[in-house]
Amino acid sequence: MSTKEAKMQRFWNVAAIILYGVFLPLSCLFLIVGESIPIALILFWFLLPYIEQSGMEHLRQKELKR
């Protein structure tokens, strides 16, 4: 794994921890209180793994062209 790939993977890991470890529990708390969850946030939770996979594949293809 190249340095750029390692940095990008670290970024995606931190993004996932923030989204699933912070925003998901907060949204569940808001649901209990009576607020509504933004639909865009729910879609982003389901699409994050595909976005990460696509971004990493794009970076690998870019590194192979060098």
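Predicted model, so just to flag it, every value in this text is computed and none were measured.
Residues that satisfy the side chain to side chain contact (heavy atoms under 4.5 Å, CB included) test with L48, not counting sequence neighbours, are W12, A16, L19, Y20, F44. Qualifying side chain to side chain contact (heavy atoms under 4.5 Å, CB included) partners for K7, counting only residues two or more places apart in sequence or in other chains: R10.
In the displayed structure, Q53 atom CD is contacted under 6.0 Å by at most 12 heavy atoms of other residues, nucleotides or ligands.
Cluster membership check: M56 shares its hydrophobic cluster with F46, using side-chain heavy-atom separations under 4.5 Å among Ile, Leu, Val, Met, Phe, Trp and Tyr. Placement of F11 and V14 within a single hydrophobic cluster is found when ILVMFWY residues are connected by side-chain heavy-atom separations under 4.5 Å, directly or transitively.
Atom CG of L24 and atom CD1 of I42 lie 9.5 Å apart (nearest 0.5 Å). Put simply, NE2 on H58 and CD on E63 are 10.5 Å apart, with the number rounded to the nearest 0.5 Å. Taken to the nearest 0.5 Å, the CG atom of L64 stands 9.5 Å off from the CG atom of L59.
Contact annotation: the side chain of E5 never approaches that of M8 to less than 4.5 Å [non-hydrogen atoms, C-beta and beyond].
For residues 38-49, the set of pairs meeting the side-chain hydrogen bond (donor to acceptor under 3.5 Å, both in side chains) definition, not counting sequence neighbours, is empty.
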